[in-house]
Every structure is written in structure tokens, then in C-alpha cells.
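Worksheet: the structure to be examined is printed underneath.
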Amino acid sequence: MSKTATTPPVAVPAQQTPPPAVAVGFKARRRRPAMAALGVALIAAGGLGGFLAYQETGHRTPVLAAAREVQAGDTIKESDLVVASVALDPALKPVLASERSKIVGKRAAAALLPGALLAQGQVTDRALVRPGEQLVGIGLKSAQLPASRLSPGDTVYVVSTPSDAEQAAAPGAKGPAPRTPKTVQARVVRVGDRAVHTGDVVIDVAVPAADGPSLAAQAATGRVALTLDAGGAS
């Protein structure tokens, strides 16, 4: 009797537990809303930064400023001006950079300091010497003018001081009677820079045309002094 071979039973592998990838995917899905919120926050921050940058740069206006010191009465040259970009204040009335060609050639009505914005009232096309006046330059030492700062427009008196011979003549019964010094009223047009070593300064004054020649002759001798009117600027 023959024996039939029996096929051994095939081992069926036990069902394995699903890998933890499902849990990982679940966690990743839970994190995505947070990442999206972070992205929105970054975009908002970038937009705010751009807006602030626009506020800083988009509302600035090019205006004119003084590149160097310009004395009152001086003619404004191209090299005296520089363009500055500023945020305009309603209270200010600066000269726009587009008006540069209109400013060059005019006179400074007041002293312009380096870096200061140019205002509408600081330039003029009118001559600072009026009809019927003459401009006289007077060189003065520190002892010949007040210590108070002089400015264009101030009313001053130019006093003729006596010569050495006149000072030596003592007044007496037989000597010459003291004379009242000649005085000329003037208006300050320009105050020059003081000399570094001597402190001397040249002041341009406008005087009546009838007094111009004699005052210029007296100023050339150095025998003059300047007094400031109590009322200050005219």
C-alpha cells in the first residue's frame, strides 16, 4: 500500500501592526495650521515694514539748503546750494529744489548757515542799497565797535575819532575848544568775517549819498568808531 505525501501546512504570517507612519502623518497635519499662521504673520510683518519704509521715503520732498556760509547781501551762486530730502512740515516754507534756477543770482536777505534749509524770505532780488544811498566799507578793530553782534539791517552811527594831534591838544583858555565828533547814521548791510590773528572786521554800511565820500575818506584813515542804535535793527 502506497503512502500519499502530505503537504506541510504553510505558515501564514501573523498580521503586523501598521507602522507608526500614520501617527507621524497625523502630527504633521496638526502642525500645518501653525506653520500657516506663522507664514501669515511674516507676510504681515513684511507688509508693515514696507509701509513704514514708504512712510519714511515716499513723503519726502527735495528742497534747497545752504552748502556753505553765505553772508547777507552776497549773491547766491550755484555752488552755494545743495539738495536735501526732508519730510515737509506745514509750518515751514522751504524753497523746492525745482526752483534752484530761480534762486541762483539773487541775494541773500539774511546770513545762510551751512546745512540750513533755504526759506522763501531769505532771498531777495532787490538791491540792499536803496536809491539815494552809497555803500561804504569800514575796517574796524575790536575796540572800535560794540561787542554785541551786528546784523544786517541794524542802525549804527559812524563816529569820526580825533587824530593824535587833536588828542594831544589839551583844552584850555588858550587851547582849541573840544569839537563834537562828526557822526553819520548808517545801516548795516553786511558783516564780514573777523581776521583770525588780528580780530579786524570789515562792515559794509549804507549811508546817504551826500555822506558817502567823506565817510569813505575818514574810514581810510582808521579814525572811526561804530556805535549801535538803542533801537537795534531798523
Side-chain angles (χ1 to χ4, degrees), residues 60-142 144-158 184-209 211-212 215-216 219-220 224 226-234:
R60 291 181 175 271
T61 303
V63 298
L64 293 179
R68 65 194 68 188
E69 184 174 3
V70 180
Q71 294 290 338
D74 285 355
T75 300
I76 299 175
K77 301 185 293 295
E78 182 75 26
S79 58
D80 294 330
L81 302 174
V82 66
V83 177
S85 183
V86 298
L88 291 182
D89 188 302
L92 300 178
K93 296 181 179 179
V95 179
L96 300 179
S98 58
E99 301 181 60
R100 187 171 191 150
S101 60
K102 299 179 181 179
I103 299 300
V104 174
K106 291 187 177 182
R107 295 181 180 274
L112 306 179
L113 300 179
L117 297 183
L118 193 64
Q120 295 288 350
Q122 292 179 310
V123 294
T124 180
D125 52 4
R126 296 180 302 175
L128 300 181
V129 180
R130 302 164 186 168
E133 293 180 335
Q134 289 186 355
L135 188 68
V136 179
I138 304 175
L140 299 167
K141 300 182 181 298
S142 298
Q144 294 175 286
L145 74 163
S148 299
R149 182 182 179 89
L150 295 176
S151 301
D154 286 348
T155 299
V156 295
Y157 293 94
V158 185
V184 177
Q185 182 175 333
R187 186 183 71 261
V188 176
V189 173
R190 183 182 184 276
V191 180
D193 297 327
R194 285 186 178 274
V196 177
H197 300 292
T198 63
D200 295 355
V201 61
V202 176
I203 298 179
D204 292 344
V205 295
V207 298
D211 296 323
L215 179 59
V224 291
L226 218 64
T227 63
L228 180 63
D229 183 63
S234 58

Problem - Nearest heavy atoms of G212 and V136, plus distance in Å - result: O-CG2, 3.9 Å
Practice task
Only counting residues at least two apart or in another chain, list the ones meeting salt bridge (Lys or Arg N to Asp or Glu O under 4.0 Å) with D211.
Solution key: none
Problem - Nearest atoms (heavy-atom pairs only) where V201 meets G192 - result: CG2-O, 3.3 Å
Problem - pair P208-Q134: side-chain heavy atoms closer than 4.5 Å - result: no
Problem - Spatial distance of atom CZ (R190) from atom CG (L150) [nearest 0.5 Å] - result: 13.5 Å
Practice task
Taking the side chain as every heavy atom from C-beta outward, state whether E69 and L112 have any pair of such atoms under 4.5 Å apart.
Solution key: no
Practice task
Flag the pair V189 / V205 as yes when at least one side-chain heavy-atom distance between them is below 4.5 Å, and no otherwise.
Solution key: no
Practice task
Could you pull out all residues at least two apart from V95 that satisfy side-chain contact (heavy atoms from CB on, under 4.5 Å)?
Solution key: L64, E99, I103, L118, Q120
Practice task
Flag yes if more than 12 heavy atoms outside K102 fall under 6.0 Å of its NZ atom; otherwise flag no.
Solution key: no
Completion exercise
For A84 and A65, the nearest pair of non-hydrogen atoms, with its separation, is CB-CB, 4.5 Å
Practice task
Measure the shortest side-chain to side-chain distance between L226 and L228 over non-hydrogen atoms and say whether it is less than 4.5 angstrom.
Solution key: no
Practice task
Apply side-chain contact (heavy atoms from CB on, under 4.5 Å) to K141 and list each qualifying residue two or more places apart in sequence or on a separate chain.
Solution key: Q144, D200
Handout entry: Any side-chain heavy-atom pair of V184 and Y157 under 4.5 Å
Key = no
Fill in the blank from the handout: So CG of D204 and CG of L135: to nearest 0.5 Å the spacing works out to 4.5 Å
Exercise for the section: Would you please name every residue forming a side-chain contact (heavy atoms from CB on, under 4.5 Å) with T124, sequence neighbours left out? Expected result: R107, A109, R126, L128
Problem - With sequence neighbours excluded, residues passing side-chain contact (heavy atoms from CB on, under 4.5 Å) with P62 - result: V83, A97
Exercise for the section: Would you mind reporting whether R100 and L81 have side-chain heavy atoms less than 4.5 Å apart? Expected result: yes
Exercise for the section: Would you check if V207 and Q185 make a side-chain contact, meaning some heavy-atom pair closer than 4.5 Å? Expected result: no
Handout entry: Least distance between heavy atoms, A67 atom then P114 atom
Key = O-CB, 4.3 Å
Completion exercise
Sequence neighbours excluded, the answer for side-chain hydrogen bond (donor to acceptor under 3.5 Å, both in side chains) partners of R68 is none
